[in-house]
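Order of the sequence lines fixes the chain letters, A, B, ..., with proteins taken first and strands second; residue numbering starts at 1 for each chain. All figures in this text were calculated on a predicted structure; none of them were measured in a lab.
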Protein chains: 4
Amino acid sequence: MAKTEKKDWRFNLHEIIYESNTPAGKAFDIGLLIAIFTSIIVVMLDSVQSIHQHYGILFNRVEWVFSALFTIEYILRLISIRKPLKYVFSLLGIIDLIALIPSYLSIFFVGAQSLLVFRALRLLRVFRIFKLGHFLTEINFLTQALKNSIRKISIFLLTVLTLTVILGSIMYLVEKRENGFSNIPESIYWAIVTITTVGYGDISPVTPMGKFVASIVMLTGYAIIAVPTGIITHDLALASRKTKHKFESCPSCGAEGHDHDALFCKYCGSSLYRS
Amino acid sequence: MAKTEKKDWRFNLHEIIYESNTPAGKAFDIGLLIAIFTSIIVVMLDSVQSIHQHYGILFNRVEWVFSALFTIEYILRLISIRKPLKYVFSLLGIIDLIALIPSYLSIFFVGAQSLLVFRALRLLRVFRIFKLGHFLTEINFLTQALKNSIRKISIFLLTVLTLTVILGSIMYLVEKRENGFSNIPESIYWAIVTITTVGYGDISPVTPMGKFVASIVMLTGYAIIAVPTGIITHDLALASRKTKHKFESCPSCGAEGHDHDALFCKYCGSSLYRS
Amino acid sequence: MAKTEKKDWRFNLHEIIYESNTPAGKAFDIGLLIAIFTSIIVVMLDSVQSIHQHYGILFNRVEWVFSALFTIEYILRLISIRKPLKYVFSLLGIIDLIALIPSYLSIFFVGAQSLLVFRALRLLRVFRIFKLGHFLTEINFLTQALKNSIRKISIFLLTVLTLTVILGSIMYLVEKRENGFSNIPESIYWAIVTITTVGYGDISPVTPMGKFVASIVMLTGYAIIAVPTGIITHDLALASRKTKHKFESCPSCGAEGHDHDALFCKYCGSSLYRS
Amino acid sequence: MAKTEKKDWRFNLHEIIYESNTPAGKAFDIGLLIAIFTSIIVVMLDSVQSIHQHYGILFNRVEWVFSALFTIEYILRLISIRKPLKYVFSLLGIIDLIALIPSYLSIFFVGAQSLLVFRALRLLRVFRIFKLGHFLTEINFLTQALKNSIRKISIFLLTVLTLTVILGSIMYLVEKRENGFSNIPESIYWAIVTITTVGYGDISPVTPMGKFVASIVMLTGYAIIAVPTGIITHDLALASRKTKHKFESCPSCGAEGHDHDALFCKYCGSSLYRS
């Protein structure tokens with residue numbers, strides 16, 4: 001009896017903390033998000049010198065309250081799950097831990113408090129909002145498309161990185177040290193700034209030859225930005241095709257009982273998909 | 001009799017001010033747009049110090065003439081509509097009011113005149129031009145696509161904002177206060193400037209580690225700009241599919257009387273849409 | 001007899017100058033392009049102070065040679081065409097004239113020679129190269145798509161311009177004159193620099209509120225850049241669908257004699273287009 | 001006998017160096033890539049002044065070791081291939097040679113060592129990784145799409161270049177020498193920086209008229225960036241259509257023996273492609 005009761009108690013806690021189907025679960029999720037937002041805004045404001053001078057002590061106390069709350073939340077998460085280690089080593093579990101550690105480090109090490117900014121990582125929980133709302137199909141659709149294109153995007157990024165190393169190295173030869181291209185890594189940084197069309201202007205070519213090479217880098221960046229866009233657009237179209245409605249019975253002859261992977265009606269050859 | 005006459009008079013005024021089917025309505029719309037343009041150009045020129053010194057008094061008078069005209073227009077709008085409150089609290093109604101208030105505020109408060117720039121909001125009426133022209137299908141098509149993609153775009157913007165908070169916070173730790181990253185909000189501003197590939201260069205990384213993190217931010221921005229583009233392209237294709245011609249009678253067997261949401265001919269299974 | 005001979009002579013000249021089917025016509029086109037390129041490079045180099053000091057007199061003579069050549073070409077164009085006025089007032093005719101005038105103006109007015117840069121406009125003739133090569137289908141395909149999307153692109157540009165006027169005006173209020181936003185036109189210029197993600201950094205927000213508004217402008221620009229891309233991609237797809245092969249005889253039943261605008265076989269209902 | 005043995009020996013070497021099907025071939029490819037990466041990182045670090053002062057002598061020795069290794073590799077490549085000249089004049093062969101020369105040049109010429117950066121070109125071998133992995137379909141898919149769009153992209157780049165020459169020349173007239181637009185090539189460089197939305201800010205317009213022209217350049221760049229994207233997206237879609245599965249036997253009537261280029265079943269008119 002005591003065992004099942006305990007089981008029930010842990011099961012209920014699990015429902016509240018990990019799921020968001022029940023009203024209590026929804027309330028917990030929303031409360032947690034508000035707590036994360038507030039704690040991050042406190043850390044943000046505390047980093048502004050002028051505000052820190054006035055409210056530093058207040059902010060310090062508020063941060064400790066949040067640290068305590070998040071510690072309790074972390075312990076509850078460990079207790080209420082059947083396999084705590086699975087949570088601890090999951091992405092969200094590691095983030096939750098990273099967000100906790102700085103508070104306790106700051107007791108022993110001066111300056112560790114600035115690591116509180118890692119709480120910003122917990123913002124990733126914001127995507128739970130979509131589970132609460134009705135954004136689930138959109139989320140699935142987008143992640144499906146991104147999953148499909150991850151190989152092509154990584155080929156693209158590797159190409160861009162190779163290009164920046166080559167173009168950055170050439171630029172280091174063309175423009176000399178005195179023009180800001182003080183070493184190859186710096187020149188590669190410049191090439192990335194240029195090819196992505198960010199263009200800070202902290203380093204920019206001075207010699208006519210350098211400006212010529214830079215023009216080529218820019219036009220390259222301008223032309224190849226089209227590649228990831230094309231890839232993702234294409235994969236969105238594929239993802240959309242997969243998620244669109246398939247007919248249960250043939251739209252042409254009405255026959256039923258088709259295989260799960262059937263594309264066409266086996267009796268009349270009509271497509272089982274809406275075109 | 002007097003009542004119907006008054007109704008007619010209000011009805012005609014309504015036709016002129018709110019609609020643009022009649023010649024008088026078209027003339028009113030074009031006249032109003034010219035007045036808005038001219039008044040905004042006057043406010044613009046008046047903000048240029050050197051021009052203000054020569055024509056400041058003239059501009060002041062012209063602005064009062066426009067204020068009077070727009071006040072009369074606002075009153076006519078209130079009179080000629082059956083439910084004035086609906087107009088007052090509509091988006092265009094609020095904009096019209098915001099554009100009016102600064103003129104009268106400037107009598108009591110010095111400097112309130114600079115709020116005249118809010119007249120620029122009335123520029124949104126420029127989209128009435130399309131009602132006058134034959135751009136209606138294009139407008140409908142674009143707004144349809146944007147409506148479809150608004151959920152996906154907002155998921156995308158939330159992801160970008162979360163990324164900028166996280167990356168900005170990390171950058172605040174990497175680069176120190178003396179390098180321009182003076183606090184977290186400032187660092188987040190830098191992250192937005194960088195991830196959107198704007199790159200003012202007012203704040204830019206100085207340390208090698210900072211440049212490395214900045215490179216990651218830039219490449220991220222360069223790769224994910226593809227996402228909104230993919231989404232909108234995809235939704236334009238969907239919007240186009242919906243607005244394309246559907247056959248009344250089956251193109252294959254000629255049968256008529258299909259349901260409104262029918263995709264295929266119910267007698268022969270052919271598609272009712274142009275492919 | 002004399003009349004027909006004259007006709008032949010003018011006809012042959014027309015073939016050489018205006019067309020590029022004959023070997024002579026091709027040679028003329030290529031020669032003209034080389035002359036235009038060379039003359040522009042001379043004008044470019046002449047604008048570089050250090051090169052001008054050494055070769056200024058040589059360049060001056062070369063420019064007069066080109067001016068003479070282009071004048072002869074212009075006269076030949078007038079003679080060899082049946083309706084000279086049609087050429088004079090065509091786009092290419094006006095450009096050819098604008099490219100000629102500065103040379104003769106420079107006799108009477110000192111400094112008019114710098115207007116020689118307008119010769120750059122003649123570069124537009126470079127697109128004749130495609131007529132020479134086999135790029136014609138690609139050119140037709142792209143211009144078709146651009147023609148289709150011109151209305152949507154102009155709606156988009158008008159929206160962006162309205163946004164920049166409104167956002168620039170708001171920024172003028174938020175940031176004050178002392179921060180570089182010295183008047184409304186200047187603020188609108190800043191808004192265009194920001195929303196197009198160019199980001200020179202010559203004017204950038206200083207106050208926290210200004211940076212907040214700027215962030216909104218940047219994210220707006222980052223999100224809406226997707227719209228023209230989506231439009232053009234969509235219209236390329238439509239243009240491609242129109243130019244793809246249509247079957248002469250039905251691919252399903254082999255029937256022939258379909259109407260020019262037929263989409264489906266009139267006997268069996270199959271599509272006449274490759275899907 | 002000796003001849004066949006020699007053949008075997010050369011054949012085996014060829015398998016190891018040029019192919020990556022065998023375990024030895026894979027090991028060679030991975031080892032080579034690691035060597036290239038390490039040698040480039042050494043050149044990079046050596047270019048950093050502060051690191052060079054400490055480890056300059058060590059780096060010099062390491063670079064000679066790599067030069068020796070790459071020389072041996074180059075000789076082996078020459079020996080093991082049947083037609084050595086074909087390799088020497090292939091793109092990869094020329095790159096391999098360019099990467100070798102600087103080391104030996106530096107014996108005779110001081111400063112030639114800085115040409116070692118050309119080793120970065122060997123990074124292009126990184127794309128062999130994809131041969132090792134399972135990225136082959138993605139690579140084929142992307143290169144197919146890029147091959148299809150190369151004509152359209154070159155038309156686009158020529159248009160952009162023509163635009164920058166014209167707009168740069170006009171800007172040279174509008175803004176004067178004292179505002180940074182010191183000559184026409186410089187102004188064209190500015191136009192490229194602006195139209196590609198890089199926007200360094202090293203040269204930016206000062207006069208109101210110049211800012212107006214610059215705004216047009218920016219909006220042009222913002223609107224036409226859509227064109228390459230549209231082209232590539234479109235050609236990805238075409239490439240995808242070509243690589244998708246085609247049915248061997250008709251999905252509708254089961255008939256076999258269709259021609260290689262058949263689109264529809266020759267007996268029943270159904271499409272032979274998955275839609």
Side-chain angles (χ1 to χ4, degrees), chain C residues 40 43-49 51 114-115 117-121 123-124 126-127 129-130 135 138-139 141-142 145-146 153 156-157 160-161 185-186 188-189 192-193 195-202 221 225 227-237 240 250-253 268 270 274-275, chain D residues 151-152 154-156 158-159 161-162 165-170 172-173 177 182-188 193-206 208 211-212 214-215 217-219 221-227 229-231 233-234 237-238 263-265 268-271 273 275:
Chain C
I40 288 166
V43 175
M44 272 186 194
L45 292 177
D46 200 26
S47 79
V48 182
Q49 208 70 353
I51 301 177
S114 68
L115 296 170
V117 298
F118 282 118
R119 275 195 189 153
L121 288 171
L123 266 183
L124 288 171
V126 94
F127 292 102
I129 285 178
F130 300 124
F135 285 78
E138 272 85 8
I139 281 273
F141 177 68
L142 284 173
L146 287 175
I153 295 281
F156 169 74
L157 278 181
V160 169
L161 274 176
E186 197 93 349
I188 293 170
Y189 163 74
I192 293 174
V193 169
I195 217 167
T196 58
T197 78
V198 171
Y200 286 132
D202 51 349
I225 199 171
V227 177
T229 312
I231 292 167
I232 288 185
T233 309
H234 176 66
D235 288 329
L236 280 176
S240 134
C250 173
S252 177
C253 70
C268 74
S270 316
R274 255 167 231 238
S275 59
Chain D
R151 277 187 170 196
K152 287 180 221 123
S154 48
I155 292 173
F156 169 74
L158 189 69
T159 314
L161 274 176
T162 311
V165 172
I166 294 170
L167 291 168
S169 301
I170 289 169
Y172 170 70
L173 282 190
R177 256 170 212 172
S182 46
N183 51 57
I184 299 181
E186 197 93 348
S187 296
I188 293 170
V193 168
T194 302
I195 216 166
T196 58
T197 78
V198 170
Y200 285 133
D202 50 351
I203 315 171
S204 61
V206 177
K211 287 181 178 176
F212 181 74
S215 299
V217 178
M218 285 175 229
L219 289 169
Y222 192 59
I224 65 175
I225 199 171
V227 177
T229 313
I231 293 167
T233 308
H234 177 67
L238 287 187
L263 296 168
F264 295 92
C265 171
C268 74
S270 315
S271 173
Y273 286 91
S275 59

Self-check item: Part of D:Val198 lying under 4.5 Å from any heavy atom of chain C
Solution: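 It is the backbone, since no side chain atom gets that close.
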
Quiz item: Which region of D:Ser215, side chain (C-beta onward) or backbone (N, CA, C, O), has a non-hydrogen atom less than 4.5 Å from a non-hydrogen atom of chain C, or is it both or neither?
Solution: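 Its backbone and side chain both get close to chain C.
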
Practice problem: Could you check C:Met44 against D:Val165 for side chain to side chain contact (heavy atoms under 4.5 Å, CB included), going step by step and ending with a plain yes or no? | Solution: CA-CA 10 Å; C:Met44 272 186 194; D:Val165 172; 4.0 Å; yes

Taking side chain as C-beta onward, heavy atoms only, is [X] less than 4.5 Å from [Y]?
| X | Y | result |
| --- | --- | --- |
| C:Tyr200 | D:Ile203 | no |
| C:Gln49 | D:Asn183 | no |
| D:Ile166 | C:Leu124 | yes |

Exercise. Identify the heavy atoms of D:Gly230 and C:Leu236 that sit nearest to each other, and give their distance.
Key: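 Closest approach of D:Gly230 to C:Leu236: C-CD1, 3.1 Å.
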
Quiz item: Which heavy atom in C:Ile232 sits nearest to a heavy atom in D:Ala226, and how many Å separate them?
Solution: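 The pair with the smallest heavy-atom distance is CD1-CB, 3.8 Å.
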
Quiz item: With a 4.5 angstrom heavy-atom cut-off, which part of C:Val160 approaches chain D: side chain, backbone, both or neither?
Solution: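 The side chain, not the backbone.
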
Quiz prompt | Partners passing side chain to side chain donor-acceptor pair (under 3.5 Å) against D:Tyr172 (at least two apart in sequence or in another chain) | solution =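 Side chain to side chain donor-acceptor pair (under 3.5 Å) check on D:Tyr172 returns D:Arg177.
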
Quiz prompt | Set of side chain to side chain donor-acceptor pair (under 3.5 Å) partners for D:Tyr222, sequence neighbours left out | solution =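 For D:Tyr222, no residue satisfies side chain to side chain donor-acceptor pair (under 3.5 Å) once neighbours in sequence are set aside.
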
Self-check item: Closest-packed option against chain D by number of heavy-atom pairs under 4.5 Å, given C:Leu142, C:Leu121, C:Thr196, C:Asp235
Solution: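 Highest number of pairs under 4.5 Å: C:Thr196.
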
Exercise. Applying side-chain contact (heavy atoms from CB on, under 4.5 Å) between C:Ile225 and each of D:Ile225, D:Thr229, D:Thr197, report the one that passes.
Key: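 Exactly one option meets the side-chain contact (heavy atoms from CB on, under 4.5 Å) with C:Ile225, and it is D:Ile225.
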
Self-check item: D:Ile184 backbone acceptor or donor facing C:Ser47 side chain under 3.5 Å
Solution: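 Answer holds: yes.
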
